[in-house]
Protein chains: 2
Amino acid sequence: MDTMSDELVHPERDEIRIEAVLHALADPVRLHLVREMDRIGVGVACGAIELPVTKSTRTHHLRTLREAGVIRMRKEGTSRIGTVRRDDLDARYPGLLSAILSAES
Amino acid sequence: MDTMSDELVHPERDEIRIEAVLHALADPVRLHLVREMDRIGVGVACGAIELPVTKSTRTHHLRTLREAGVIRMRKEGTSRIGTVRRDDLDARYPGLLSAILSAES
DNA sequence: GTCGAACTACGATGAATCTCGTACTATGGA
DNA sequence: TCCATAGTACGAGATTCATCGTAGTTCGAC
């Protein structure tokens with residue numbers, strides 16, 4: 001193809017909505033994903049986080065998190081490297097992410 | 001009736017789950033309800049907060065918030081007085097409620 | 001007692017969504 | 001080139017959920 005904008009779609013910081021963030025983090029599988037990404041810190045291959053769901057379900061949850069603006073994903077070979085958008089979330093909703101991630105499950 | 005435990009059921013502070021709180025606040029109608037209750041501060045008649053939904057839908061949302069541990073409700077005549085459980089939420093998830101309620105909608 | 005107001009209970013309906021399996025694409029190594 | 005790996009796309013099934021209407025309950029006023 002010619003113009004292959006091969007990048008994944010992410011909302012801008014200003015486009016992140018609080019309802020979408022809360023909905024994304026309300027699911028136990030997605031909350032686990034985000035906790036693991038945050039714990040590891042640097043970009044992590046999303047497939048490396050073990051989950052009790054299949055590959056396609058994992059893809060679904062990662063897309064939900066990405067479209068809500070909670071994580072950022074970039075392609076690297078055949079893998080996807082995911083990071084928590086802590087800077088954007090802290091700027092837009094100060095204290096929210098810390099409060100959620102520090103809560104004991 | 002004889003033993004009429006006329007009180008509404010609320011989870012104890014220790015029983016509040018973060019997933020339930022996030023799910024409860026992810027709905028725009030419920031988030032509006034909680035914001036109004038928090039703004040008014042003291043107990044407010046739940047029916048006084050105007051909403052674009054019917055009475056039975058309002059009841060459904062108030063029950064969701066109550067069962068998640070976000071609000072407390074007590075009976076007063078034929079009305080229900082609702083208050084945000086800020087003390088319990090702040091104790092269990094410090095900063096969470098402030099972060100959510102101070103977010104511009 | 002009777003009436004209205006506030007709220008709840010219950011069932012129905014349509015939409016969202018969590019899950020999966022299968023098929024497909026893309027990347028990199030042998 | 002061939003193939004394995006990592007991920008996505010798509011459709012299906014089951015569940016959850018937001019919404020409503022109607023009926024029923026409870027309380028206070030008259």
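All heavy atoms count here, side chains included; hydrogens, waters and symmetry mates do not. Lettering of chains follows the sequences in order, A, B, ..., and the numbering in each one begins at 1.
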In this structure, how many angstroms lie between the [atom2] atom of [N] and the [atom1] atom of [X], rounded?
X: B/Arg58; N: D/dC17; atom1: CZ; atom2: P; result: 21 Å
X: B/Lys55; N: C/dG4; atom1: NZ; atom2: P; result: 14 Å
X: A/Glu76; N: C/dG28; atom1: CD; atom2: P; result: 10 Å
X: B/Lys75; N: C/dT8; atom1: NZ; atom2: P; result: 8 Å
X: A/Arg74; N: D/dA6; atom1: CZ; atom2: P; result: 17 Å
X: A/Ile81; N: C/dT27; atom1: CD1; atom2: C1'; result: 14 Å
X: B/Leu51; N: C/dA6; atom1: CG; atom2: P; result: 15 Å
X: B/Glu7; N: C/dC7; atom1: CD; atom2: C1'; result: 16 Å

**OP:** Output all residues satisfying side-chain hydrogen bond (donor to acceptor under 3.5 Å, both in side chains) with A/Arg39, sequence neighbours left out; order by chain, then residue number.
**Re:**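 Residues passing side-chain hydrogen bond (donor to acceptor under 3.5 Å, both in side chains) with A/Arg39: A/Glu36.
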
Original post:
Does B/Arg86 have any salt bridge (Lys or Arg N to Asp or Glu O under 4.0 Å) partners at least two apart in sequence or in another chain, and if so, which?
Top reply: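 With sequence neighbours excluded, B/Arg86 shows a salt bridge (Lys or Arg N to Asp or Glu O under 4.0 Å) to B/Asp38, B/Asp90, given in chain and number order.
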
Original post:
Are OP1 or OP2 of C/dG28 and a side-chain N or O of A/Thr78 less than 4.0 angstrom apart?
Top reply: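 Checking C/dG28 against A/Thr78, no side-chain N or O comes under 4.0 Å of OP1 or OP2.
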
Original post:
More than 12 foreign heavy atoms under 6.0 Å from CD of B/Glu50: is that the case here?
Top reply: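 12 or below, so no.
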
Original post:
Going through the checks in order, is the side-chain hydrogen bond (donor to acceptor under 3.5 Å, both in side chains) test met by B/Ser56 and B/Thr59?
Top reply: CA-CA 5 Å; B/Ser56 45; B/Thr59 297; over 6 Å; no

Original post:
Tell me, for nucleotides 9-18 of chain C in 5' to 3' order, what letter each nucleotide earns: B for a base near a protein heavy atom under 4.0 Å, S for only sugar-phosphate near one, - for neither?
Top reply: B-------SS

Subject >> Option among A/Val44, A/Leu65, A/Val84 that satisfies the side chain to side chain contact (heavy atoms under 4.5 Å, CB included) test with A/Leu33 >> reply: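 Passing option: A/Leu65.
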
Original post:
Is B/Arg30 reaching over with its side chain to a backbone N or O of B/Ala24, donor-acceptor style, under 3.5 angstrom?
Top reply: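 Side chain of B/Arg30 to backbone of B/Ala24: a pair is present.
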
**OP:** Taking only the side-chain heavy atoms of A/Met73 (C-beta and beyond), determine which of C/dT8, C/dA26, D/dT8 contains the nearest atom.
**Re:**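 That would be D/dT8.
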
